[in-house]
Every structure is written in C-alpha cells, then in structure tokens.
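Only one structure is covered here, and it is reproduced in the block below.
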Amino acid sequence: MPENLLSEADVRRLSALLDESKHIIVTCHVSPDGDAMGSVLAFSHYLWRKGKDALPMVPNIFPDFLKWMPGTERVRVYEKHEGELNPLIAAADMIACLDFNAPDRLLGMQKPVLESPARKVMIDHHLDPSDFCEWRLSRQDMSSTCELLYRVLVQLDGLEPLTYEEATCLYTGMMTDTGCFSYNSNRSDIYYTVGQLLTKGIDKDKIYRNVFYNYSADRFRLMGYLLYVKLEIFPEYHASLMTLTRAEQKMFSHKKGDTEGFVNIPLQINKARLSIFLREDTERNCIRVSLRSVDDFPCNRMASDFFNGGGHLNAAGGELTCTMDEATDLIRKALKQYAPLLKEGSQMNTKQE
Ligand code: 5GP
Ligand code: MN
C-alpha cells in the first residue's frame, strides 16, 4: 500500500478548512483537459456527498469528448456567465484550485478568485507552484492531479465511502494525463490506485472509449489534413512541426479541444524526440505553442527560452504574439540552438521527469 502523502498536521488543517466551509468553488486551469475535469468533478462529488454546496466552475469551455463524465451538467463556465458567477466567487467560503500552479492559469477568472476572501487550497502536480493559497499540496512526482486527489480523499475518509462517480472521474484524469499509461507512469503506486478504483465498479474500458472513440468527423479529417499536408519533419533534429491557422480551423469547423493530443502523434515516428505544434488561438490574438518530447529532452527549457512558457520535461507550452511565419522562423532557431540535445537522441534512456 502506498505511503500517506499528507502529514497528520496537513490532514488536520485541510479537514478543519473543509469543516469551516459550506460554499465551495472547485476550479482548474483554462482549457480544461481530462485531468482538470476529472479532479474538479471528483472533488465536487466528494464535497456533495459531504453535504457541501460545491460548485464546479471552469474558466472557459471544456471539450465535448469529456461531456459524458458524471456531473458535467452541473459545471458552470465562467467565461459565459461572468456577471452571474462573480458574486458566487466573492461569497464562497473556499476555492479549491485543482491541476494548476499559478492564478494566471485561470485567465479572466483570476481577478475575482484573487479578490475573493474565500480560503484557497491547491492540489496540483505542476512544477513551481506559486504562493496564493492558504493550504497547498503540490507533488510533481504524481502522474496526475487525479492520482494525487485519490490519495488525499482516501487519507481524509478512507476508501470505503469513495463512490463510483468519484472513481470514474479520478480514473479518467489518471488515464488522460499519462497517455493511457504510456508516459509518466512507471511508478507501481499508480497501478495500486487503479486496482482500488476498479473495486468501485468503474468500467475502465468504457472510459477509454468514451474519451478516445468519441471524436467528431471534423476532428478526424483535421487530423488527417495536419498529418498529410502540414507535418514538417526535421530528420537531422529528430523533430517535427505542425502549424494550424485560424482559417484552417474554420475549414474543419474547429471546436474547443479538437486539436487535443495531436502534438503527441508525430512522436510515433521512428527516432522522434521532439514534436512541436503551433495553433493560432481563436479567442485571443496569439499563437499557442505545444511541445512534447521523449526521454530527457527538456521541453520546459525550450518553452521558457523561446516561447514565453514553461511546463514539464516532456510536455510544455507557451505563446507567441507574432505571425505564423515569424513563429516558424523562431522554431527553426530553437531547433538549431537545441541541436546538440536533439541530435544525441537515443531512446534507450528511460529516465523519468
Ligand atoms: P499544452 O501543450 O497541453 O497546452 O501544455 C502542456 C503543459 O505545458 C501544461 O500542462 C502546462 O504545464 C505547460 N504550459 C502550457 N502552456 C503554458 C504557458 O503558457 N505557460 C507555462 N508556464 N506553462 C504552460
Ligand atoms: Mn494534470
């Protein structure tokens, strides 16, 4: 059985904060992914069973392929209902910040959250957590916030009361943040946790299909277009680049989340070490940069050196305010500068983050 993550003092403090709170907003980073939605919904279900008035609230819309998750009908999207939601944020007793490490990851929700007198707690697995919460659990060794949250919930109340809905949401985040247990997933604890979640009757095969066999035809054709027309391969750097403009997104009736996961695909190319994806944002005037790597290539360093961003060793992102041509020029510059680390590429090194 894995060791307890929380000290006794931490358990007491978190329990006391929860006891003192009735109205609790549960939130996550902008453009929520499976781990963000999984942790927000699992924690909301937990709070509902404890009789709390919990409100899952996300900064902007979440992808359609996560709509099947239990509880999504109760999720409020801040961006769509700012006026109505601001007073609820201001009046909350607690704001639970899940799967993000800094308030700017809340975009427009940042200001009301920071201004709210509500006590903030953070449960997260990203690097460099910032200091805006009364209580914080930040563990970069955890594969997902959902894995971390599972450990917290079990430590607070034990496994027995954990529900099917909570387990389903927790498993979803663990599965999506590890690429279906294909990266960041060598710790044996992960599989102990999965085993425990299965005792709650979750259908992990169905969860897989719900997430990954649930795409729109438009997304599927967009994927084909990107791979056939837009993929540029740099064999000398063991790297690749895909770009997607606003006009191209329109051609494929792009909806939020439609490009989720595309950046991972070129890593399937023999000897690939780095995949870069550039997408013109449709809401803001910028280009979103996504980086993925295998082995020890540091995406986070490249993201902070060149793309105003950061992240993890093997998954990082950032953004640029320039034209797509300027952005691709910058990519070439970045590849050139990182050539020594890219060229040495051996896939034998399985060092973890
Ligand atoms: P994605 O490529 O999925 O947008 O982001 C992958 C990871 O990179 C995220 O989990 C996050 O840790 C990090 N990341 C993405 N965008 C940014 C950004 O603009 N700034 C920083 N610091 N990190 C980012
Ligand atoms: Mn996560």
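We count ligands from 1, going down the list as the structure has it; atoms in each ligand are counted the same way. Start at 1 with the first residue, then count along the sequence.
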Stepwise salt bridge (charged side-chain N to carboxylate O under 4.0 Å, His left out) check, D296 with R273
CA-CA 9 Å; D296 52 6; R273 271 173 76 70; 3.3 Å; yes

Measuring to the Mn ion (ligand 2), does D177 have an N/O/S atom at a distance below 2.8 Å?
yes

Counting only heavy atoms not in N285, do more than 12 fall under 6.0 Å of its CG?
no

Would you please determine whether R288 falls within less than 4.0 Å of ligand 1 on a heavy-atom basis?
yes

Minimum distance, heavy atoms only, to atom 23 (N) of ligand 1: which one of G309, G261, G310 is it?
G310

With respect to E319, determine whether any N or O atom, backbone or side chain, lies less than 3.5 Å from an N or O atom of ligand 1.
no

Nearest-0.5 Å distance that lies between atom CZ in R49 and atom OH in Y46:
6.5 Å

Side-chain donor-acceptor pair present, E147, S144, cut-off under 3.5 Å:
no

Tell me, yes or no, whether the heavy-atom count around R246 atom CZ, taken from other residues, nucleotides or ligands under 6.0 Å, exceeds 12.
yes

Would you check if there is a donor-acceptor pair between the side chains of H29 and D99 at a distance under 3.5 Å?
yes

So, is the end of the R219 side chain (NZ or CZ) under 6.0 Å from the ring centre of Y215 and within 45° of the ring's axis?
yes

Which ligand 1 atoms does A315 reach within 4.0 Å, using its non-hydrogen atoms?
7 (C), 8 (O)

What protein heavy atom lies closest to atom 3 (O) of ligand 1? Include the residue and the distance to one decimal.
R292 NH2, 2.9 Å

Return a yes/no value for S290: is any of its N or O atoms, backbone included, closer than 3.5 angstrom to an N or O of ligand 1?
yes

Would you indicate which of C299, G311, A316 comes nearest to atom 5 (O) of ligand 1 when only heavy atoms are counted?
A316

Residue H312 vicinity, atoms of ligand 1 by number, heavy atom under 4.0 Å
12 (O)

Tell me whether the NZ or CZ atom of R74 lies within the 45° cone about the ring axis of W48 and under 6.0 Å from its centre.
yes

Measure from NZ or CZ of K67 to the centre of the six-membered ring of F62, then state whether that distance is under 6.0 Å and the direction lies within 45° of the axis.
yes

Just wondering, is there an N, O or S atom on D35 that's nearer than 2.8 Å to the Mn ion (ligand 2)?
yes

Identity and distance of the protein heavy atom lying nearest atom 10 (O) of ligand 1:
H126 NE2, 3.5 Å

Any N, O or S atom of C146 closer than 2.8 Å to the Mn ion (ligand 2):
no

Specify whether H126 and H312 have parallel, tilted or perpendicular ring planes, treating 30° as the upper limit for parallel and 60° as the lower limit for perpendicular.
tilted

Would you indicate which of G317, A303, S31 comes nearest to atom 17 (C) of ligand 1 when only heavy atoms are counted?
G317

Sub-4.0 Å heavy-atom approach of H29 to ligand 1:
no

D99: its N/O/S atom lying closest to the Mn ion (ligand 2) (atom name)
OD1

Nearest to atom 11 (C) of ligand 1, what protein heavy atom do you find, and at what distance?
R105 NH2, 4.0 Å

